[in-house]
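Here is the structure we will look at.
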Number of protein chains: 2
Amino acid sequence: MAGKDIQTEIHIRETAKKIFFKEGRFNATTQEIANEAGVNRALIHYYFRSRDLLFEAVLKDGIDMMHVKIQSIMATDISFREKISRFIDLVTQEALDFPYLETFIITALNEKEQSLILNSFDKIKTEVVDVFAPKVEAEIALGTIEPITATQFMINLLSLCTYPVVSKALIQKVFDLNEEAFRQLILERKEIILNILLKKKAIE
Amino acid sequence: MAGKDIQTEIHIRETAKKIFFKEGRFNATTQEIANEAGVNRALIHYYFRSRDLLFEAVLKDGIDMMHVKIQSIMATDISFREKISRFIDLVTQEALDFPYLETFIITALNEKEQSLILNSFDKIKTEVVDVFAPKVEAEIALGTIEPITATQFMINLLSLCTYPVVSKALIQKVFDLNEEAFRQLILERKEIILNILLKKKAIE
DNA sequence: AAAATATTTAACAAAAATGTTAATCAAAAA
DNA sequence: TTTTTGATTAACATTTTTGTTAAATATTTT
């Protein structure tokens with residue numbers, strides 16, 4: 001519906017991303033996607049050839065979103081603590097916007113060993129291994145964080161930020177939280193995560 | 001194939017669980033499940049009526065597995081630290097055995113607001129809210145852990161243990177790890193997680 | 001062993017989903 | 001304005017998947 005001015009192809013793509021990343025309806029049919037985009041189903045084939053290729057296109061977008069996210073903390077010239085701080089904000093915000101993005105990527109990766117997609121991952125790998133890891137090691141040398149491998153540090157960071165959102169449905173059921181209570185809980189986590197990852201003296 | 005002696009119904013169920021929880025093939029057809037169980041597809045309908053009901057049965061089993069897991073640390077009469085320690089072992093082991101269990105539950109919850117299933121969750125809720133939360137608060141009073149709400153403490157624990165396994169495929173790609181390297185990484189996490197969650201003085 | 005019941009199978013039917021085509025409509029180029 | 005090209009549609013065809021049935025086989029009961 002959004003706009004006839006907008007390119008149909010992009011509009012279909014964005015609708016699919018909404019359905020997959022925001023709503024987590026991974027089994028949505030081409031008909032459902034077309035309906036929600038307000039277009040004829042045949043247009044999906046016209047622009048993407050097949051359901052599978054639309055799926056791939058969306059997956060690639062998803063991985064690129066992750067890449068941008070990770071890159072954005074590496075790029076800017078700010079202190080390590082500030083980097084982590086902004087990263088938490090970013091991941092939290094994106095996770096609230098697209099709670100099913102990671103789950104989608106995980107299940108999709110499992111179904112198809114996409115050749116196309118591997119490039120996107122290489123970019124993330126470079127960013128993480130070549131750019132971020134040395135910075136973590138430098139911080140350990142400075143004594144601002146506990147000795148730990150860069151990999152484990154990254155995993156701690158991602159775990160603490162991402163898991164609660166990935167398992168949103170589960171947490172809401174177990175802890176009996178409505179939408180707003182859940183949102184609050186997630187936002188409260190920033191300070192908690194910073195306290196865990198960075199030494200006290202580095203914070204004060 | 002496993003065994004003709006084994007009850008067919010259970011065998012189908014176990015095969016489905018293997019496909020869903022271990023292999024993460026959430027879109028497996030009834031034909032694929034039947035093939036892998038070595039039975040005629042019609043038997044799935046004979047025992048479960050429909051694909052959907054098999055799906056539900058498996059989901060219920062999955063949630064019960066989570067429940068047992070959580071309950072097992074509450075039940076035994078051991079120190080708080082020991083509880084956490086055993087919990088990490090348990091979650092780690094189960095996560096390595098059934099890496100897609102949580103993801104399955106999350107996506108399934110999203111698709112159907114199962115009425116049957118809600119009971120299973122209530123049991124988990126009781127365990128967590130009524131049994132575990134007071135213990136966390138007691139530990140805070142004792143000064144063995146940092147002041148934090150019981151909910152956030154639980155979420156930290158679950159995040160640090162579960163996320164790396166849930167996002168296994170992702171982590172393996174980003175950090176370029178083969179099966180064994182991944183396994184090692186996960187096992188190394190126990191000490192890291194304990195250090196994060198419990199104060200140093202409580203550990204030594 | 002015969003009868004009754006439960007399990008398993010193959011063959012069929014129905015439904016759901018994807019993919020294709022040719023005709024229509026709209027926009028841009030000639 | 002006609003021609004040409006690109007976008008959109010409806011109608012159809014194919015494939016995939018699920019669900020049903022009645023017959024065949026095995027198992028249990030009498």
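Quick note on labels: first sequence line is chain A, next is B, and so on, each numbered from 1. Everything quoted here is computed from the prediction, not taken from an experiment.
A sub-4.0 Å separation between OP1 or OP2 of D/dT20 and a side-chain N or O of B/Tyr46 is absent. Under 4.0 angstrom from either OP1 or OP2 of D/dT17 there lies no side-chain N or O belonging to B/Thr30. A/Thr8 has a side-chain polar atom (N or O) that falls below the 4.0 Å cut-off from OP1 or OP2 of D/dT8.
In this pair, A/Phe153 and A/Phe80 present their aromatic rings tilted. The plane angle is within the 30 to 60° band. Between A/Phe104 and A/Phe21, the two ring planes are perpendicular [angle over 60°; tilted spans 30° to 60°]. Between A/Phe26 and A/Tyr100, the ring planes are perpendicular. Angles over 60° get that label, and only those under 30° would be called parallel.
Atom CG in B/Leu43 sits about 15 Å away from atom P in D/dG19, given to the nearest Å. Counting to the nearest Å, the C1' atom of C/dG19 and the CZ atom of A/Phe55 are 18 Å from each other. The distance from atom CG of B/Asn40 to atom C1' of D/dA24 is 12 Å, rounded to the nearest whole Å. Atom OH in B/Tyr47 sits roughly 18 Å away from atom P in D/dG19 (whole-Å rounding). Atom CD of B/Gln31 and atom P of C/dA17 are 19 Å apart (whole Å). Residue A/Gln7 contributes atom CD, which lies 12 Å from atom C1' of D/dG6 at whole-angstrom precision. Atom NE2 of B/His45 is separated from atom P of D/dT17 by 13 Å (rounded to the nearest Å). Separating the CZ atom of B/Arg41 from the P atom of D/dT16 is a distance of 14 Å, rounded to the nearest angstrom.
Across all strands shown, B/Phe48 has no heavy atoms under 4.0 Å from either base or sugar-phosphate atoms.
DNA chain C is contacted by both A/Asn27 and A/Ala42; A/Asn27 maps to the nucleotide lying nearer its 5′ end (nearest heavy atom per residue). Residues A/Arg49 and A/Glu32 each lie close to DNA chain C; by heavy-atom proximity, the contact nearer the 5' end of the strand is made by A/Glu32.
Proximity of a side-chain donor or acceptor of A/Arg189 to a complementary backbone N or O of A/Leu160 within less than 3.5 Å is detected.
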